[in-house]
Amino acid sequence: MIREIRRDELDALLELYLHLHEDGIPEHNAHLHEIWDTICSDENHHIIVCEVDGRLVSSCVCVIIPNLTRNIRPYAFIENVVTHADYRGMGYATACLDYARDLAKAANCYKMMLLTGSKDEKTLHFYHHAGYNCTDKTAFIQWL
């Protein structure tokens with residue numbers, strides 16, 4: 001089942017993020033809960049999940065960003081695409097990205113952007129197959 005995350009699923013999401021690039025689950029403190037509340041309250045911040053047998057197995061984040069160019073149309077940014085290692089190759093991440101695309105279309109976005117740090121050809125092929133290209137723009141990142 002593809003859907004948006006529920007407020008009570010923070011722990012399940014953080015556990016899934018261990019399959020992304022996280023070394024551990026953050027400490028449950030006031031800062032974590034403040035950030036979680038901010039995310040859950042933001043109508044433009046969508047955490048999309050795939051649930052299989054009651055377990056979150058895949059997810060992505062889609063943030064709709066208001067914009068003053070392109071005829072005042074927003075754009076979408078995709079981040080934190082992850083699938084549990086035991087569930088990869090089953091189409092769950094593709095389904096999450098398709099849901100994100102539907103959200104972006106419904107918001108009248110003119111584009112979607114996704115960055116990946118992966119150099120793995122399988123991962124890059126996955127993003128190409130999902131409809132993304134790496135030829136239209138050049139991304140630069142400054143780590144803070």
Side-chain angles (χ1 to χ4, degrees), residues 1-29 31-67 69-70 73-144:
M1 170 195 306
I2 306 298
R3 60 176 173 77
E4 293 199 46
I5 198 158
R6 295 186 309 258
R7 190 176 284 266
D8 66 343
E9 294 180 307
L10 173 60
D11 289 329
L13 181 65
L14 294 175
E15 185 176 311
L16 179 60
Y17 281 170
L18 292 173
H19 294 268
L20 187 58
H21 51 65
E22 297 301 308
D23 294 329
I25 294 175
E27 177 185 342
H28 275 270
N29 58 29
H31 181 63
L32 174 67
H33 291 285
E34 177 185 336
I35 296 301
W36 182 240
D37 287 342
T38 298
I39 289 169
C40 290
S41 299
D42 184 347
E43 66 181 21
N44 288 320
H45 198 131
H46 305 272
I47 299 177
I48 300 155
V49 296
C50 176
E51 178 185 350
V52 175
D53 297 328
R55 181 179 196 182
L56 300 188
V57 301
S58 189
S59 180
C60 73
V61 172
C62 175
V63 179
I64 308 295
I65 302 169
N67 183 37
T69 65
R70 300 292 180 149
R73 292 176 64 194
Y75 56 93
F77 189 78
I78 305 299
E79 185 63 91
N80 296 336
V81 180
V82 60
T83 300
H84 187 290
D86 295 341
Y87 293 85
R88 292 182 182 156
M90 298 178 185
Y92 299 134
T94 299
C96 288
L97 290 173
D98 289 347
Y99 190 104
R101 185 182 60 242
D102 291 344
L103 287 173
K105 284 181 177 180
N108 196 31
C109 291
Y110 77 95
K111 71 177 176 182
M112 295 177 70
M113 295 185 297
L114 179 151
L115 298 174
T116 182
S118 178
K119 306 296 184 212
D120 180 5
E121 283 299 320
K122 187 175 177 183
T123 301
L124 300 178
H125 177 73
F126 163 73
Y127 288 128
H128 280 285
H129 184 70
Y132 295 85
N133 75 71
C134 60
T135 58
D136 290 345
K137 299 264 185 175
T138 301
F140 290 88
I141 297 174
Q142 184 179 72
W143 296 102
L144 305 176

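Index from 1, following the sequence. Only a predicted model underlies this, so the values are computations on that prediction, with no experimental measurement involved. Atom set for the values below is all heavy atoms of this structure, side chains included, hydrogens, waters and symmetry mates excluded.
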Query - Where at least one partner belongs to residues 99-144, residue pairs that pass ring pair (Phe, Tyr, Trp, His ring centres under 6.0 Å), sequence neighbours excluded - result: none
**Report entry** Sequence neighbours excluded - salt bridge (Lys or Arg N to Asp or Glu O under 4.0 Å) pairs with any residue from residues 125-144
**Finding:** none
Query - Partners meeting side-chain hydrogen bond (donor to acceptor under 3.5 Å, both in side chains) with Thr135 (sequence neighbours left out) - result: Asn133
Query - Residue pair Ala104 / Ile64: nearest heavy atoms and the distance that separates them - result: CA-CD1, 4.0 Å
Requested in this report: Report the distance from atom OH of Tyr92 to atom SG of Cys50, rounding to the nearest 0.5 Å.
Outcome: 6.0 Å
Report task. Just jot down the salt bridge (Lys or Arg N to Asp or Glu O under 4.0 Å) partners of Asp42, sequence neighbours excluded, or say none. Result -> none
Query raised in the report: Are Ile2 and Cys96 side-chain neighbours, meaning at least one heavy-atom pair lies under 4.5 Å?
Result: yes
Under 3.5 Å, sequence neighbours excluded: what are the donor-acceptor pairs made by side chains of residues 13-20?
unit_1	atom_1	unit_2	atom_2	d
His19	ND1	Ala85	N	3.3
His19	NE2	His84	NE2	3.2

**Report entry** Residue pairs, two or more places apart or on separate chains, that pass ring pair (Phe, Tyr, Trp, His ring centres under 6.0 Å) and touch residues 32-60
**Finding:** His28-His33
Query raised in the report: Does any non-hydrogen side-chain atom of Val57 lie less than 4.5 Å from one of Arg55?
Result: yes
Query raised in the report: Going by the salt bridge (Lys or Arg N to Asp or Glu O under 4.0 Å) test, which pairs reach into residues 87-111, not counting sequence neighbours?
Result: Asp98-Arg101
Query - Test item: Tyr75 and Arg70 side chains (from C-beta on) under 4.5 Å apart, heavy atoms - result: no
Requested in this report: Provide the full list of salt bridge (Lys or Arg N to Asp or Glu O under 4.0 Å) pairs with a residue in residues 113-131, sequence neighbours left out, each pair given once.
Outcome: none
Report task. Please identify each residue that fulfils salt bridge (Lys or Arg N to Asp or Glu O under 4.0 Å) with Glu9, with sequence neighbours left out. Result -> Arg3, Arg6
Requested in this report: Report the distance from atom CG of Leu10 to atom CD1 of Ile25, rounding to the nearest 0.5 Å.
Outcome: 9.0 Å
Query - Set of residues satisfying side-chain hydrogen bond (donor to acceptor under 3.5 Å, both in side chains) with respect to Ser41, sequence neighbours excluded - result: none
**Report entry** Distance (rounded to the nearest 0.5 Å) between Asp37 CG and Arg7 CZ
**Finding:** 5.0 Å
Query raised in the report: For His21, which residues count as a side chain to side chain contact (heavy atoms under 4.5 Å, CB included) partner, sequence neighbours excluded?
Result: none
Query raised in the report: If every non-hydrogen atom of Glu27 is compared with every non-hydrogen atom of Leu32, which pair is closest and at what distance?
Result: O-CD2, 3.6 Å
Report summary line: Closest non-hydrogen atoms of Ala107 and Pro74, given as atom of the first, atom of the second and distance, are O-CG, 3.2 Å
Query raised in the report: Does the side chain of Met112 come within less than 4.5 Å of Ile78's, by heavy atoms?
Result: yes
Query raised in the report: Just how far is it from atom CZ of Phe77 to atom CG of Asn44, taken to the nearest 0.5 Å?
Result: 15.0 Å
Report task. With sequence neighbours excluded, tell me which residues meet side-chain hydrogen bond (donor to acceptor under 3.5 Å, both in side chains) with Asn80. Result -> none
Query raised in the report: Rounded to the nearest 0.5 Å, how far does CD1 of Ile39 lie from CD of Glu34?
Result: 11.0 Å
Report task. Taking the side chain as every heavy atom from C-beta outward, state whether Leu103 and Ile48 have any atom pair closer than 4.5 Å. Result -> yes
Report task. Kindly compute the distance separating CD1 (Ile5) from SG (Cys40), expressed to the nearest 0.5 Å. Result -> 7.5 Å
